[in-house]
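Down below is the structure, laid out as structure tokens.
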Amino acid sequence: MPHVLQKVVFPLDRDPDLLPLYADPETWSVIDDEPVRVSNRAQLTNILGRNRARVVSGRRVSFGTYFNAFPASYWQHWTPVRDVALTVRTQGPATILLYRSNGSGTKQRIETREVDGEATSTFHVTLDQYSDGGWIWFDIAADEKAMTFEGAEWTTETAPVRHGKASIGITTYNKPDYCVETLRSLSDAPDLLELIDRVFVIDQGTQRVADEDGYTDVAAALGETLAILTQPNLGGSGGFARAMSETLARPESDFIQLLDDDVRIEPESVRRSVVFGRYASTPTIVGAHMFDLLDRPKLHAWAEVVDEAPFMWRALYQEKLPHDFSVANLRQSPMLHMRMDADYNGWWMCLIPLEIIRKVGLSLPAFIKWDDAEFCLRAGEAGFPTVSVPGVALWHVSWVGKDDSIDWQAYFHARNRIVAALLHSSLPGGGTLLRHSRRLDLKHLMMMQYYPVALRHQAIRDLLSGPEHMWANLATAMPAARALAADYPETVVHTDTGVPLRSRRGRQVFPLRRRHEYDNPTGWRLRWFTASTLASHWLRPTSGDRSALPEVEYGKEDALWWRVPLVDSAIVSAANGSGKNVYVRDRTTFRRMLMDSVRLHRRLRREWPGLSRRYRAAASDLTSVERWRTVFEDNT
């Protein structure tokens, strides 16, 4: 009996922005090495259902798209599957054309077949030429009259390595509307629910999911599959650790599928991730790509890695993100055809085999930030890879309208990155991590952002106290970080009151440049800029009148680290556009924090070897099922 690996689907929403991710009825050309759309006849009226569509007379539709092409390279590299069948069902006269690509995106025709009437066409493909990359897809061209595409799927006769179901773990904090919508999407996907054991919603907020409009209906539809578990806010790590712990007790579950709360899912992607996990040659973490929920054709995250020297995360080919599929679809994007290997995957959507959890433990008690990266690094060291699979994705609120490096989350960014390095870095002193950390302090201090520096220093003091602090402040670190904001006036967001917030010199406007083309100093100019700015902020006294008009105003995109330090006060737009922050230079605070930064980083470098041994010795306790269950019992 054939096993379904992937189904051809169309979007759940009648949203024209989504169509390029599923079907490409457009004609493209290339001008100056850039893809150019020659014609655009994409019509949502031609989508007849979740799996059916009309192809009008004389038109051609390609399924060489993000969600409907088959990622052959990933299946060849990570699974034992070698023979795949594509079955296409059609009604009416048409030509079906089967294509493949290689790792450089070069297109090659595999087979062509003419059909008429009610037809079922099966194509057999061997996965033996896709080691570096490559997809397989098909196009359908209608002849003298319209035809109907009735559905298609990719199957194999190869049996899966594992057969267990997956439980889903959703961690949420005051986003009940998103959660109910996710539950509704799950309840409307019977082919996915066949693979699901339980759906655990870990509700850590004050706005309960069970009180949201529509919850009663979706709860009835899901029945005993759904379980709502409430607990105090222990962050993403506490919520996901709870979901992991609960799933370990489920004999029918072999996997836990982690989902963030502020997302919209593609149910077929969730199904594919479970199927891929079943087929993986060794137990494998199956990660999802992330599209922007507020700009849905844009892909914001694919395979992610941790660079060893600075011990910092990034996406492979970071400079190419976000990728806009409305500008260049899959067939017009050669880079998307290579196989990208990941170190970790964000927990916006990530499938983890329970075998891995039993071997390496649960999440660190990190609250938020780096818990996902650290877990995957830990699993990788134990021999379990992470694979970010194309065609497995969801839509998540992106970081375009956020700047969590300067709000209360700065504490967790700093602490958890260093803790992860103490646990996993193979370089003395974490490589260049501490130098990079000092530079972040300097950047914030020169930009008059004293609040994130205070949080970063508290993070270092806490981690210097030893690993037990992570349990001690799991539930209190976030409230303490937020409370500290009251001591720093720059954290106040001045919203629109009808009276404009003004500066003496007005808004500074800079020439429009392409992304990544900035006028920042480099080389000797950078060294001179840093030295002279630090000296200026150290020596020059500042006015005690914070009520005076700020000197200038910057838009968020223009408030860069080499511009803001040139003034003593500035108005800067908030990242989400909700208002403005006022930054004022404070020589006393600057001096104190600069000296604290030097002392703390010197101490951290001096104590690094001993700290690393302490954290590694405590790793099993920091991630143990038993310790986490004690925490859950104490917080019930």
Side-chain angles (χ1 to χ4, degrees), residues 4-9 11 18 20-24 62-79 81 84 86 99-107 125 127 129-138 152-154 257 263 265-277 279-280 284-292 296-305 315-318 320-326 328-346 348-351 385-396:
V4 178
L5 305 180
Q6 180 171 313
K7 297 181 179 181
V8 171
V9 293
L18 291 179
L21 301 179
Y22 294 86
D24 190 356
S62 176
F63 292 88
T65 57
Y66 180 84
F67 279 121
N68 282 326
F70 184 76
S73 177
Y74 291 79
W75 280 92
Q76 175 179 323
H77 188 77
W78 296 107
T79 80
V81 174
V84 174
L86 166 66
Y99 292 94
R100 58 154 290 186
S101 65
N102 58 22
S104 62
T106 301
K107 182 176 71 172
V125 182
L127 304 184
Q129 303 178 56
Y130 303 91
S131 59
D132 291 334
W135 299 69
I136 309 172
W137 70 90
F138 65 98
E153 54 272 333
W154 304 83
Q257 175 74 269
V263 301
I265 65 169
E266 165 50 77
E268 169 65 12
S269 274
V270 181
R271 195 195 68 82
R272 290 176 190 176
S273 70
V274 179
V275 172
F276 193 93
Y279 272 94
T284 297
I285 298 171
V286 182
H289 294 177
M290 189 200 88
F291 284 88
D292 187 346
R296 299 181 73 182
K298 287 186 178 178
L299 181 62
H300 267 267
W302 47 42
E304 296 180 296
V305 296
L316 285 175
Y317 306 101
Q318 183 81 47
K320 300 294 185 180
L321 289 171
H323 179 84
D324 190 344
F325 280 88
S326 67
N329 216 323
L330 179 64
R331 294 176 300 154
Q332 293 78 42
S333 307
M335 190 188 71
L336 297 181
H337 292 250
M338 72 171 67
R339 195 190 81 234
M340 299 186 193
D341 293 346
D343 289 337
Y344 79 97
N345 200 97
W348 45 75
M349 177 176 162
C350 192
L351 181 89
T386 296
V387 181
S388 294
V389 182
V392 174
L394 50 52
W395 291 269
H396 185 284

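Hydrogens, waters and symmetry mates play no part in the numbers below; they use all other heavy atoms, side chains included.
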Before you tell me yes or no, could you show the steps for His323 and Ser333 under side-chain hydrogen bond (donor to acceptor under 3.5 Å, both in side chains), namely the whole-Å CA-CA distance, both residues' side-chain angles and the distance that decides it to 0.1 Å?
CA-CA 9 Å; His323 179 84; Ser333 307; 3.2 Å; yes

Passes ring pair (Phe, Tyr, Trp, His ring centres under 6.0 Å), Phe138 versus Tyr99? Steps please.
CA-CA 6 Å; Phe138 65 98; Tyr99 292 94; over 10 Å; no

Taking it one step at a time, do Arg331 and Asp24 satisfy salt bridge (charged side-chain N to carboxylate O under 4.0 Å, His left out)?
CA-CA 9 Å; Arg331 294 176 300 154; Asp24 190 356; 2.8 Å; yes

With side-chain hydrogen bond (donor to acceptor under 3.5 Å, both in side chains) as the test, would you mind laying out the steps for Ser273 and Gln257 before giving the verdict?
CA-CA 9 Å; Ser273 70; Gln257 175 74 269; 2.5 Å; yes

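Under the 3.5 Å distance criterion, with hydrogens and angles disregarded, a donor-acceptor pair is assigned to the side chains of Arg100 and Gln129.
Relative to the ring axis of Tyr74, Arg339 does not place its NZ or CZ within 45° and under 6.0 Å from the centre.
Using modelled atom types, no side-chain atom of Thr386 and backbone atom of Tyr344 make a donor-acceptor pair closer than 3.5 Å. Of the possible polar contacts, one joining the Trp302 side chain to the Leu316 backbone as a donor-acceptor pair under 3.5 Å is found.
Ring geometry, Trp154 versus Phe70: the interplanar angle falls under 30°, so the pair is classed parallel (tilted spans 30 to 60°). Taking the six-membered ring where tryptophan is involved, the planes of Tyr66 and Trp135 are tilted, since the angle between them lies from 30° to 60°. Using cut-offs of 30° and 60° for the angle between ring planes, the Phe276 and Trp75 rings count as perpendicular.
Looking at every heavy atom in both residues, Leu321 comes nearest to Ala315 through CD1-CB, 3.5 Å. Met349 and Leu394 get closest at one heavy-atom pair: CB-CD2, 3.6 Å. Counting all heavy atoms, side chain and backbone alike, Asp341 lies closest to Trp78 at OD1-CZ2, 3.9 Å. For the pair Val4 and Glu153, the tightest heavy-atom approach, listed with the atom from each and the gap, is CG1-CB, 4.2 Å.
Aromatic ring centres of His289 and Phe291: separated by at least 6.0 Å.
For the side-chain hydrogen bond (donor to acceptor under 3.5 Å, both in side chains) test, residues two or more places apart in sequence or in another chain that qualify with Thr106 are Ser104.
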